[in-house]
Amino acid sequence: MKKLKTFLSCLLVVGLQVNAQSARPVYLDPSEPIEKRVEDALSRITLKEKVDMCHAQSKFSAKGVARLGIPEVWTDDGPHGIREEVFWDEWSGAKWTNDSCTAFPALTCLAATFNPDVALLYGKSVGEEARYRNKTVLLGPGVNIYRTPMNGRNFEYMGEDPYLSSRMVVPYIQGVQQNGVAACVKHFALNNQEYMRDHINVNISDRALYEIYLPAFKAAVQEGKAWSIMGSYNELRGQHCCHNDLLLNQILKTEWKFDGVVISDWGGVHDSDQAVQNGLDLEMGTSTDGLTNNGGVAYADYYLANPFLKGIELGKYTVDQLNSKVTRILRLIFRSTMSKDRPFGRFVSPEHSAAALKIAEEGIVLLKNNRQLLPVTVGKYKKIAVIGENATRSVTLGGGSSSLKVQYEVTPLEGLIAKYGKENIVYSRGYASERSSKKKAKQLIVPSDSLINAAVETAKNADVVVYFGGLNKNPNQDSEGSDRKSYELPYGQDKLITALLKANKNLVVMLVSGNAVAMPWVNEVPVILQTWYLGSEAGNAIAGVLSGEVNPSGKLPFSFPKKLDDNGAISFGKESFPGDSINEYYKEDILVGYRWFDTKKIAPLFAFGYGLSYTSFEYGKITTDKKSYNPDETIKVSFILKNTGMKDGAEAVQVYASQAHASVIRPAKELKAFKKVFLKTGESVTVELEIKVQDLAFFNEVTHAWSVEPGEFILRNAASSAEVKSNVSIKVL
Ligand code: BGC
């Protein structure tokens with residue numbers, strides 16, 4: 001009897017649990033399909049609550065529905081680490097003590113690795129940091145195309161080639177989103193300069209738009225399955241991109257079937273009608289002083305706040321328009337914060353330092369190594385002179401929204417001291433930049449001639465001189481909000497480099513920048529490296545490459561012109577770049593970067609895809625599996641690659657395609673495949689790559705569709721866009 005009672009009471013408990021469970025609303029049940037949860041949640045949220053979800057409630061967050069347990073959406077920059085917490089309603093740091101992050105290398109460096117596996121590692125690591133900090137959306141990565149070397153934000157993007165940036169952005173996004181954190185791909189689209197960025201109106205052909213400026217975004221959406229995207233500040237064809245019918249309604253949501261959230265850039269919304277109708281879902285950053293109307297704009301006055309609500313009440317806007325936005329926002333929340341698969345993240349872990357180091361090591365590009373001056377193995381020289389402000393300056397700080405408060409940053413000088421020993425290193429500053437922060441402006445800046453003289457004296461007495469210069473994150477350098485003023489190096493560095501070279505011919509120039517720079521001394525300086533902004537592990541990565549413990553394998557993700565006028569966009573004058581302050585015409589059209597240099601037969605200073613190694617590689621002849629292909633087939637390309645040098649190393653091999661006789665202008669060549677191949681000394685491998693015939697298409701403006709014309713195409717294997725090894729001709733039927 002007792003047993004029966006216990007059995008019955010057990011049944012009762014189980015029954016109650018089942019009841020309790022079945023009473024749980026669908027939207028709170030993580031085992032239910034997302035679309036069902038969205039539908040259920042939508043039916044429970046009031047009109048006012050829905051409108052509240054469509055705009056910011058603080059600098060970086062938007063409301064959830066507290067009453068229903070639906071969390072707020074917390075965004076944060078991005079893309080190189082997780083930005084410090086700011087005050088609710090101010091840009092300044094909130095002085096938390098637990099928000100110092102790992103700084104990963106800038107995205108130009110990531111692109112230079114030419115290694116999608118490294119992009120996955122990057123995304124995974126930075127995503128873990130975002131998750132640990134409880135962010136819903138990471139504001140990055142950025143994939144605006146490198147149109148000119150003057151854009152202050154090029155360092156945040158992935159270079160000039162739509163194919164390279166597409167291949168690199170997809171794994172970055174996948175890595176981030178594995179953490180239950182949404183990536184927010186930015187800035188959609190054509191935000192290719194900072195000058196007049198909030199209104200410059202871009203006039204561009206459909207072909208250039210589809211072939212050059214959109215592919216990385218399309219890959220991010222369709223292959224990376226990004227959960228959000230950020231509209232850009234500028235205008236396209238007379239409409240701001242944050243509420244641009246063509247970009248958001250027609251291309252993104254209709255053609256590409258994007259089901260995520262369109263988030264405005266901060267302050268990028270200008271009109272309620274357009275914001276409601278033209279594809280925007282979440283409005284952020286419209287100028288506000290907070291929750292009051294104290295002379296500023298309160299959050300309730302945002303274009304998608306009270307004006308939206310009133311518009312619905314008056315019948316001007318529809319509830320369907322509102323529901324479409326809220327559906328997307330809810331979908332993002334269920335994919336991220338309310339997902340049962342959301343892991344816990346981690347912050348400033350040893351794994352993240354290791355990832356930052358690996359990305360940095362793989363991205364450094366060796367541009368020149370005459371007399372085999374490098375590597376400078378440990379013990380080779382007794383006295384190494386380190387010169388230049390960038391050897392000691394923090395370059396994770398500054399540059400605008402991507403500025404980071406870091407747990408640590410190993411500067412180049414610290415890295416070199418750790419590698420070669422304090423007793424073997426002498427340092428001299430060489431030049432001084434202006435400082436952007438008030439506190440630092442008070443620092444004594446010695447007149448430049450005396451800095452040069454001191455540096456020259458230091459250089460004279462050294463065995464080798466390692467110079468760290470380039471740009472920094474000050475305004476008008478590599479920085480958001482302003483473009484560069486000149487292609488030349490700032491702060492009298494050309495003069496300094498020339499003086500150093502006179503003092504010591506063993507000169508290594510390390511360029512810290514996210515942009516190409518003029519190098520009037522290029523023929524005389526024996527060794528040049530492009531070292532980007534490398535993040536927390538900068539000094540260690542540089543020391544590894546300098547000492548030869550790491551064999552450099554980075555390749556340039558953009559061309560370095562000899563002079564500024566050689567750049568396509570700039571060669572057409574002000575109308576083309578930077579515009580007349582209202583309009584800008586992309587006159588170089590599809591001929592961006594190496595497409596311009598190659599087609600116009602202008603030699604760049606350093607070509608896209610170029611980078612040296614301490615070893616050497618021999619390329620075999622390129623072959624294809626067949627001679628002719630149907631339009632729906634895939635071309636299998638192969639060739640032998642051999643490490644013929646004395647060191648193990650990696651080579652980013654590239655395959656470019658061109659059409660022999662086309663009915664429209666086509667670039668001399670376009671990157672269609674690449675692979676980073678690691679080979680031990682003496683080892684060889686057959687490299688195999690695939691190219692879809694469809695990827696040989698151009699965008700046909702008449703039919704508004706991609707089209708592959710039958711006929712001959714040439715495929716070339718190459719070590720850079722300027723160093724073709726062999727070619728093969730195929731026929732498309
Ligand atoms: C930038 C975005 C950034 C946002 C939030 C804007 O000024 O253009 O890239 O994510 O601010 O900081």
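Remember, it's 1-based here, ligands and their atoms both numbered in the order they're listed. Just the heavy atoms: all of them, side chains too, but no hydrogens, waters or symmetry mates, feed the values below.
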**Request:** Taking all heavy atoms of P141 and all of P79, pick out the closest pair and write down the distance.
**Result:** CA-CB, 4.0 Å
**Message:** Is there a polar contact between ligand 1 and D77, counting only N or O atoms under 3.5 Å apart?
**Reply:** yes
**Asked** When you look for heavy atoms under 4.0 Å from ligand 1, do you find them on the side chain of M284, its backbone, both, or neither?
**Response** neither
**Message:** Within ligand 1, which atoms have a heavy atom of R83 less than 4.0 Å away?
**Reply:** 12 (O)
**Request:** Consider only side-chain N and O atoms of Y157 and N192, and report whether a donor and an acceptor are under 3.5 Å apart.
**Result:** no
**Request:** Have a look at F188 and tell me which of F258, Y233, F217 forms a ring pair (Phe, Tyr, Trp, His ring centres under 6.0 Å) with it.
**Result:** F217
**Request:** Decide whether an N or O pair under 3.5 Å exists between W91 and ligand 1.
**Result:** no
**Item:** Note: K124-E128 ion pair, threshold 4.0 Å (strictly below)
**Value:** yes
**Request:** Output the list of atoms in ligand 1 that are nearer than 4.0 Å to some heavy atom of K186, sorted by atom number.
**Result:** 2 (C), 3 (C), 9 (O), 10 (O)
**Prompt:** Tell me: protein heavy atom nearest atom 4 (C) of ligand 1, and distance?
**Reply:** D265 OD1, 3.6 Å
**Message:** Looking only at the side chains, is there a donor atom on one of H187 and R153 sitting less than 3.5 Å from an acceptor on the other?
**Reply:** yes
**Request:** For R197, counting its heavy atoms only, list the atoms of ligand 1 lying under 4.0 Å from any of them.
**Result:** 7 (O), 8 (O)
**Request:** Could you walk me through whether W532 and F558 pass the ring-ring contact (aromatic ring centres under 6.0 Å, His included) test, one step at a time?
**Result:** CA-CA 12 Å; W532 318 114; F558 51 82; 5.7 Å; yes
**Complete:** In this structure, atom 9 (O) of ligand 1 is nearest to the protein heavy atom H187 NE2, 2.7 Å
**Message:** List ligand 1 atoms under 4.0 Å from W266, heavy atoms only on the residue side.
**Reply:** 4 (C), 5 (C), 11 (O)
**Complete:** Within 4.0 Å of some non-hydrogen atom of L139, the atoms of ligand 1 are 10 (O)
**Request:** Answer yes if the side chains of S61 and E72 hold a donor-acceptor pair under 3.5 Å, and no otherwise.
**Result:** no
**Request:** Below 4.0 angstrom from a heavy atom of R153, which ligand 1 atoms are there? Numbered from 1 as shown, please.
**Result:** 1 (C), 2 (C), 8 (O), 9 (O)
**Message:** Looking at Y132, I'd like to know if its OH atom is crowded, meaning that more than 12 non-hydrogen atoms belonging to other residues, nucleotides or ligands lie closer than 6.0 Å.
**Reply:** no
